Amino acid sequence: MTEANESLNFIEQIIEDDLANGLDKKQLRFRFPPEPNGYLHIGHAAAICLNFGLGQKHSAPVNLRFDDTNPSKEEQEYVDAIRRDIQWLGFEWDTECYSSDYFQQMYDWAIQLIKNGKAYVDGQSSELMAEQKGTPTAPGKDSPHRNQSIEKNLDLFERMKSGALEEGSYVLRAKIDMGSTNMLMRDPIIYRIIKKEHHRTGGNWCIYPLYDWAHGESDYIEQISHSICTLEFKPHRELYDWFLDQIYDNSNLRPKQREFARRNLSYTIMSKRKLLELVQNKTVHGWDDPRMPTISGLRRRGYTPESITKFSEVSGISKRDSVTDVSLLEFCIREDLNKTATRVMGVLNPVKLVLTNYPEGKVEMLQAVNNPEDAASDTHEVPFSKELLIEREDFKEEAGNKFFRLTIGNEVRLKNAYIIQGESVVKDASGNITEIHCTCDLDSKSGSGTEASTRKVKGTLHWVSKQHALQAEVRVYDRLFLDEAPDSHEEKSFMDFINPASLQVIKNAYVEPFLKDASVQDKFQFQRLGYFTLDLDSSNQQLIFNKTVGLRDSWGKQNTKSAPNSSKPPVQKGIDQKNPLNEIKKISKKYTNLSGDKLNTARTNIAKLAEEVSFEDIEPLLATAAKKIGTRIGVTIALGVLLKNGQQRTENINAFIEKAVQDANELLSEEAKSIQ
RNA sequence: UGCCCGAUGGUGUAACUGGCAACACGUCUGGUUUUGGUCCAGAAGAGUCUAGGUUCGAGCCCUAGUCGGGCAACCA
């Protein structure tokens with residue numbers, strides 16, 4: 001069961017309450033109900049972790065149910081992708097279900113509804129029905145077919161089912177209340193005719209139930225105790241319950257629907273429809289493009305299941321709409337990969353470095369620790385030679401002393417190797433550096449234990465041996481959108497905010513030969529750069545890495561001038577509240593909650609602030625409601641200061657003080673007496 | 001001019017169900033470090049949308065308002 005003081009989110013609380021009120025914990029059962037019309041994304045991960053997490057916590061089964069009631073949008077490809085993603089996240093479902101498996105049962109219940117006079121067939125146009133539906137502020141009008149005979153309804157419904165009627169010509173509607181304040185209760189449609197192959201039932205049916213009819217009834221059939229969905233379904237709950245009322249049998253468990261807020265991530269979108277658009281218009285290369293917020297995109301990018309479940313955990317569950325900063329997700333993957341990723345060296349933007357005093361043709365194999373965070377980790381060998389490649393940004397001919405890298409005349413350490421000193425550069429005709437010449441302190445080899453090897457130098461650079469390095473392609477990703485909430489702008493489309501530089505392909509990066517045998521999805525830390533994952537486009541001939549996420553970079557941060565992805569400066573929203581009167585009010589409001597030192601401090605602060613206010617400021621506060629003790633005390637203290645500074649006593653003041661003196665609150669009356 | 005949700009540091013969540021607002025991310029210092037990473041130590045940052053009310057005491061309860069979101073698909 002739960003730990004004593006662990007705080008529960010409101011969904012867990014509801015379950016605890018139900019259990020406390022007599023629900024048998026053996027009856028707990030949850031479900032995750034995706035529609036197979038797209039890939040799962042990081043927002044779904046929240047729902048997956050919630051439902052499966054609840055299952056784990058209570059040892060209760062969780063069904064995976066495909067909500068496949070609309071054959072015009074759903075495909076087997078999506079079913080497969082969804083199954084794969086959930087399994088990859090590490091969750092196991094109890095039963096794999098399909099709403100389509102219940103079509104017959106739902107149909108039978110629909111007949112029952114008709115026979116009970118609770119449903120009717122309507123043959124009006126959708127335009128006409130929409131018109132009759134009214135608006136949120138105006139009630140609807142009854143359909144002319146609302147009261148036609150049960151026999152006629154049965155007959156028409158049978159003809160809908162048999163395929164005798166045209167697609168779109170007739171629907172079955174529940175007979176509820178066209179005047180309801182809830183639009184969903186205004187005789188909602190239960191069945192429509194769709195003459196299209198279904199991915200599971202093929203051509204068996206040409207009528208398909210709508211969400212509201214299918215979902216709750218599926219929950220009931222599966223005996224789901226808690227049907228958890230997102231907030232936009234809140235108004236559906238009334239209908240969910242109404243439908244259940246029609247078919248519910250006392251001997252069964254009655255599911256309940258509860259809603260939580262969907263999770264949004266900054267700088268991306270979470271709508272399956274819009275993600276599909278990105279795929280179809282080729283903005284990205286597919287649902288699993290590493291820039292996509294899909295589970296499969298994140299996986300390909302290099303995110304681990306642990307990082308995603310951790311993200312869901314720390315993000316929490318609530319009922320208010322919010323946008324979680326993508327930096328939290330990045331923190332989660334760095335945290336995981338820091339502990340697990342093998343450290344290697346790779347140079348993305350190479351420049352040649354020659355060690356002038358290192359013997360021509362000599363090759364040394366140096367030892368590199370695989371992961372300093374893991375004491376049990378092994379080492380691997382890295383070849384070292386006279387000609388190396390280093391990162392172009394790691395060298396400047398001259399630089400200030402804040403630059404901890406290579407300059408002419410300065411010493412730096414080559415990671416796992418020697419300390420070197422910059423001597424000279426070779427440039428091409430246009431002045432670009434083509435070679436950097438250095439001398440190497442041959443006594444300073446890492447791990448040799450010599451005095452030279454333990455010398456402190458200002459910086460450490462990563463490098464690869466030019467003749468041994470493997471050429472590799474590296475794909476560097478930036479956020480897909482330039483706006484924090486790209487689909488929140490009414491006047492603009494999310495497409496207007498596409499980041500044109502979201503993908504940078506580096507064709508000629510060089511990595512150490514150790515990576516020759518890396519397999520797809522292997523994750524590495526390229527030291528000083530970030531975490532990289534071998535992409536599935538790799539072959540024996542060509543290594544291709546995805547940059548999963550960079551290392552935290554306090555140096556880069558100082559140097560980038562407010563690029564689009566730098567956070568905005570803190571807003572000084574308190575500035576106009578800093579006026580002394582407001583401060584006094586603020587402090588006063590809480591005055592009676594304080595005691596001891598805090599009380600004294602508050603009193604001193606009010607008195608100090610009072611020096612800066614005039615009686616005109618204070619005067620309106622003399623009328624403060626009797627109950628606002630704190631404010632009255634604050635006013636009294638301030639008044640004391642003003643009087644001391646020569647403020648004339650007025651009738652108002654005297655009346656205020658007199659009333660305060662007589663107040664039951666001691667703090668107040670004492671304060672008032674002192675200035676009486 | 002309807003109904004239903006929601007409102008706590010920059011962001012996301014807490015607050016033992018009414019007892020002097022906590023955690024994480026982010027930001028900023030300092031220390032350690034053969035990764036400007038990690039790790040360690042510390043700091044700044046909200047008085048809980050507003051106004052009334054109930055209470056000895058309100059972020060939690062009540063009332064009204066403000067702001068944000070949802071609701072008029074034969075989508076889910």
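From a predicted model like this one, the values you see are computed outputs, not experimental measurements. Every chain is numbered from 1 and lettered A, B, ... according to where its sequence line falls, protein lines coming before strand lines.
Across all strands, A:Glu335 comes closer than 4.0 Å to no nucleic acid atom at all (heavy-atom distances). Within 4.0 Å of A:Lys319, counting heavy atoms only, lie sugar-phosphate atoms of the nucleic acid but no base atom. Note on A:Tyr531: nothing from the nucleic acid sits closer than 4.0 angstrom, heavy atoms only. Across all strands, A:Gly459 comes closer than 4.0 Å to no nucleic acid atom at all (heavy-atom distances). A:Asn37 comes within contact range of no nucleotide atom at all, as no heavy-atom separation falls under 4.0 Å. Residue A:Lys339 is out of contact with every strand shown, counting any heavy-atom pair closer than 4.0 Å.
When the C1' atom is compared between B:C49 and B:G69, the two are found 15 Å apart, to the nearest whole Å. The same atom, P, is picked in B:U29 and in B:U34; the two are 22 Å apart, to the nearest Å. Rounded to a whole angstrom, the distance from the C1' atom of B:U11 to that of B:U33 is 31 Å. B:C16 and B:C23: their C1' atoms are spaced 15 Å apart (whole Å). Between B:G59 and B:G53, the two P atoms lie 15 Å apart (nearest whole Å).
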Show your working on salt bridge (charged side-chain N to carboxylate O under 4.0 Å, His left out) between A:Arg262 and A:Glu232 and close with a plain yes or no.
CA-CA 9 Å; A:Arg262 64 189 323 153; A:Glu232 68 269 26; 2.8 Å; yes
Evaluation steps, ring pair (Phe, Tyr, Trp, His ring centres under 6.0 Å), between A:Phe103 and A:Tyr208
CA-CA 8 Å; A:Phe103 280 172; A:Tyr208 291 91; 5.6 Å; yes
Is there a side-chain hydrogen bond (donor to acceptor under 3.5 Å, both in side chains) between A:Asn371 and A:Glu373? Walk through the geometry before answering.
CA-CA 5 Å; A:Asn371 188 342; A:Glu373 300 302 310; over 6 Å; no
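Judged by a 6.0 Å distance limit and a 45° cone about the ring axis, A:Lys161 is positioned over the six-membered ring of A:Trp205. Taking the centre and axis of the six-membered ring of A:Phe403, the NZ or CZ atom of A:Lys396 falls inside the cone set by 45° and 6.0 Å. Remark: A:Arg479 qualifies as a cation-pi partner of A:Tyr267 under the 6.0 Å distance and 45° angle criteria applied to the six-membered ring.
A:Thr69 has a side-chain polar atom (N or O) that falls below the 4.0 Å cut-off from OP1 or OP2 of B:A76. Of the side-chain N and O atoms in A:Arg273, none sit less than 4.0 angstrom from OP1 or OP2 of B:C75. In terms of phosphate contacts, A:Lys272 brings no side-chain nitrogen or oxygen within less than 4.0 Å of OP1 or OP2 of B:A76. Between A:Ser554 and B:G37, a side-chain N or O to OP1/OP2 separation shorter than 4.0 Å is present. Here A:Lys234 does not reach the OP1 or OP2 of B:C4: none of its side-chain N or O atoms lies under 4.0 Å away. Checking the phosphate oxygens (OP1, OP2) of B:C16, no side-chain nitrogen or oxygen of A:Ser7 falls inside 4.0 Å.
As the counterpart of B:U1, no nucleotide is assigned, since no Watson-Crick or G-U wobble pattern has both distances under 3.5 Å. Nucleotide B:A14 has no partner under the Watson-Crick or G-U criteria, as no pair reaches both atom distances under 3.5 Å. With both pairing distances under 3.5 Å, B:G45 is matched to nothing as a Watson-Crick or G-U wobble pair. Here B:U63 sits opposite B:A51 as a Watson-Crick or G-U wobble pair (both hydrogen-bonding atom distances under 3.5 Å). Under the Watson-Crick and G-U wobble criteria, each requiring two contacts below 3.5 Å, nucleotide B:G30 is paired to B:C40.
Both thresholds, 5.5 Å between centres and 30° between ring planes, are not jointly met by A:Phe331 relative to the base of B:G26, so the two rings are not stacked. With its ring centre under 5.5 Å from that of the base six-membered ring and a plane angle below 30°, A:Trp555 counts as stacked on B:G36.
Below the 3.5 angstrom threshold, one finds a donor paired with an acceptor across the side chain of A:Arg343 and the base of B:U35. No hydrogens or angles were tested; on distance alone, a donor-acceptor pair under 3.5 Å links the side chain of A:Arg405 to the base of B:G36. Between the base of B:U34 and the side chain of A:Arg413 there is a donor-acceptor pair shorter than 3.5 Å. Applying the 3.5 Å distance criterion, the base of B:U11 shares no donor-acceptor pair with the side chain of A:Glu484.
Taking the side chain of A:Pro372 as heavy atoms from C-beta on, and the options B:G37, B:G36, B:G12, the nearest nucleotide is B:G37. Of all nucleotides listed (B:U33, B:G26, B:U38), B:U38 comes nearest to the side chain of A:Glu373. The side chain of A:Asn338 sits closest to B:U38 out of B:U34, B:A76, B:U38.
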Listing time: all N or O pairs from protein to nucleotides 68-74 of chain B that are below 3.5 Å?
| residue | atom | partner | partner atom | Å |
| --- | --- | --- | --- | --- |
| B:G69 | O2' | A:Asp321 | OD2 | 3.2 |
| B:C74 | N3 | A:Gly168 | O | 3.1 |
| B:C74 | N4 | A:Gly168 | O | 2.6 |

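B:G47 shows a glycosidic angle within 90° of 0 and is accordingly assigned syn. Base orientation of B:U34: anti, since the glycosidic angle falls outside 90° of 0.
Between A:Phe532 and A:Phe524, the gap from one ring centroid to the other reaches at least 6.0 Å. Aromatic ring centres of A:Phe157 and A:Tyr107: separated by under 6.0 Å.
Within the 4.5 Å cutoff, side-chain heavy atoms of A:Ser448 are placed close to those of A:Thr450.
Dense packing is recorded around NZ of A:Lys458, with more than 12 heavy atoms of other residues, nucleotides or ligands lying under 6.0 Å away.
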